[in-house]
Amino acid sequence: MYELEEDIIHFVFKAFLGLKRKKEDIDLSFHSIMVGNMLKNIGCDEETIFIGYLHDVIEDTKYTYEDILEKYGKKIANGVLQLTEDQNITNYIDRKKEFIKRLETTTDNIIVVEIADKLQNLISDYEQYKISGKEFLVTEANNYDELKWYYLELKKLFNKRINNNHLLERYNQIVSEYFE
């Protein structure tokens, strides 16, 4: 019988089965596991770590809020939902503005999960960024300027809310290199 963390990791691999990252030939589950591990490495509580592992499940897989609620309870399901962008908003800037507005009213633990999420994305892109330049960073956004706007807006929010956090220090450093 799995312990809860083991069950969540198993669920993440199952949920993302067959899905690949947009910019590299690697399973999408890698990102979620890395986010959870980053949170674990800085000493976050179990609930925050578990939300980190699961943060993209609703947004990127067939699984729903109700599935997570049933398996892992309200606190974890609500945390994952807070980190899920509204895919009904098709305009990139409008979707990101709505997401940032929601982050402004969430808990610091959810903010730290989002820092780990964005940092892991940027770290994964680093080697190819050094070879191909800033346009390599663009996936969802229509262009580099939109992506830059988003990451700098997040930087403002993160630094307003979080202090003395190793992940935030790394985020600030890599965002400065990519976007400032």
Side-chain angles (χ1 to χ4, degrees), residues 2-24 26-89 92 95-125 139-141 147 150-151 153-155 157-158 161-162 165-168 170-171 174-175:
Y2 285 135
E3 291 188 13
L4 183 56
E5 183 175 12
E6 295 165 340
D7 186 71
I8 288 172
I9 291 170
H10 182 257
F11 178 74
V12 166
F13 280 101
K14 180 178 159 184
F16 289 103
L17 186 64
L19 300 175
K20 298 286 187 183
R21 288 185 57 85
K22 292 176 184 171
K23 297 180 192 173
E24 58 187 334
I26 192 168
D27 291 342
L28 194 53
S29 57
F30 169 80
H31 170 73
S32 293
I33 300 304
M34 289 301 294
V35 168
N37 284 341
M38 291 168 99
L39 297 166
K40 194 175 199 176
N41 288 341
I42 64 165
C44 289
D45 61 86
E46 282 188 336
E47 182 180 287
T48 302
I49 295 164
F50 298 163
I51 292 167
Y53 286 137
L54 295 164
H55 76 279
D56 277 340
V57 167
I58 297 171
E59 192 170 301
D60 292 340
T61 77
K62 66 181 181 179
Y63 292 95
T64 65
Y65 170 82
E66 289 75 20
D67 295 324
I68 296 172
L69 177 65
E70 183 179 314
K71 285 185 76 56
Y72 304 115
K74 189 172 185 173
K75 284 185 177 184
I76 291 174
N78 285 348
V80 174
L81 187 61
Q82 289 174 359
L83 292 162
T84 301
E85 292 184 14
D86 185 347
Q87 298 302 311
N88 293 319
I89 304 173
Y92 176 84
R95 185 174 63 253
K96 298 303 185 184
K97 283 181 179 178
E98 189 277 334
F99 182 65
I100 290 168
K101 186 175 181 178
R102 276 192 291 123
L103 285 178
E104 289 171 347
T105 62
T106 195
T107 65
D108 287 352
N109 286 354
I110 297 300
I111 297 290
V112 172
V113 174
E114 186 62 16
I115 292 169
D117 173 26
K118 294 304 178 261
L119 175 61
Q120 203 289 314
N121 284 336
L122 294 172
I123 290 169
S124 288
D125 290 345
T139 51
E140 275 185 88
L147 188 68
Y150 179 52
Y151 274 90
E153 286 298 308
L154 287 175
K155 182 180 177 184
L157 172 63
F158 295 164
R161 293 282 303 276
I162 305 299
N165 180 287
H166 178 67
L167 296 179
L168 180 56
R170 291 178 69 197
Y171 177 87
I174 199 165
V175 164

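Residue numbers count from 1 along this sequence. Quantities reported herein were computed from a predicted structural model and do not represent experimental measurements. Below, all heavy atoms of this structure are taken into account, side chains as well, without hydrogens, waters or symmetry copies.
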Taken in chain and number order and not counting sequence neighbours, the residues that satisfy side chain to side chain contact (heavy atoms under 4.5 Å, CB included) with Gln120 are Arg21, Phe30, His31, Met34, Val35, Met38, Ser124
Any side-chain heavy atom of Tyr65 within less than 4.5 Å of one from Thr84? no
Please answer whether the main-chain N or O of Ala116 pairs with a side-chain N or O of Arg170 as donor and acceptor at a distance below 3.5 Å. no
Tyr53: which residues meet the ring-ring contact (aromatic ring centres under 6.0 Å, His included) condition with it, sequence neighbours left out? none
Partners of Ile89 by side chain to side chain contact (heavy atoms under 4.5 Å, CB included), sequence neighbours excluded? Asp86, Asp94, Arg95, Glu98
Residues in ring-ring contact (aromatic ring centres under 6.0 Å, His included) contact with Tyr63, at least two apart in sequence or another chain: Phe11
Leu154 versus Tyr171: any side-chain heavy-atom pair under 4.5 Å? yes
Take Val113 and Asn109 through the test side-chain contact (heavy atoms from CB on, under 4.5 Å) and record every step on the way to the result. CA-CA 6 Å; Val113 174; Asn109 286 354; 5.8 Å; no
Across all chains, not counting sequence neighbours, the side chain to side chain contact (heavy atoms under 4.5 Å, CB included) partners of Phe13 are Ile9, Ser29, Ile33
Output, in order, the C-alpha distance, side-chain angles, deciding distance and verdict of side-chain contact (heavy atoms from CB on, under 4.5 Å) for Leu54 and Leu83. CA-CA 10 Å; Leu54 295 164; Leu83 292 162; over 6 Å; no
Quick one: does Phe158's side chain get under 4.5 Å of Leu119's, heavy atoms only? no
Do the side chain of Thr61 and the main chain of Ile58 share a donor and acceptor less than 3.5 angstrom apart? no
Just jot down the salt bridge (Lys or Arg N to Asp or Glu O under 4.0 Å) partners of Lys96, sequence neighbours excluded, or say none. Glu85, Glu140
For the atom pair OG1 (Thr105) and CD1 (Ile110), what is the distance rounded to the nearest 0.5 Å? 11.0 Å
What pairs meet the salt bridge (Lys or Arg N to Asp or Glu O under 4.0 Å) rule with one or both residues in residues 26-39, with sequence neighbours excluded? Lys20-Asp27
Among pairs that include at least one residue of residues 48-73, which meet salt bridge (Lys or Arg N to Asp or Glu O under 4.0 Å), considering only residues two or more places apart or in two chains? Asp7-Lys71
What pairs with Phe99 under ring-ring contact (aromatic ring centres under 6.0 Å, His included), at least two apart in sequence or on another chain? none
Pairs where residues 104-115 contributes a residue and the test salt bridge (Lys or Arg N to Asp or Glu O under 4.0 Å) is met, not counting sequence neighbours: Asp108-Arg161, Glu114-Lys118
Show me the pairs that pass salt bridge (Lys or Arg N to Asp or Glu O under 4.0 Å) and involve residues 33-49, at least two apart or across chains. Glu5-Lys40
dist Cys44:SG -> Ile51:CD1 (nearest 0.5 Å) comes out at 10.0 Å
Could you grab the distance from atom CD1 of Ile42 to atom CG of Asn165, nearest 0.5 Å is fine? 4.5 Å
Could you list the residues that satisfy ring-ring contact (aromatic ring centres under 6.0 Å, His included) with His10, not counting sequence neighbours? Tyr2
Kindly compute the distance separating OG1 (Thr106) from CD1 (Ile111), expressed to the nearest 0.5 Å. 6.0 Å
Out of curiosity, Leu17 CG to Leu28 CG, how far, rounded to the nearest 0.5 Å? 11.5 Å
To the nearest 0.5 Å, what is the distance between CD1 (Ile76) and OG1 (Thr48)? 9.5 Å
When the aromatic ring centroids of Tyr72 and Phe50 are compared, is their separation below 6.0 Å? no
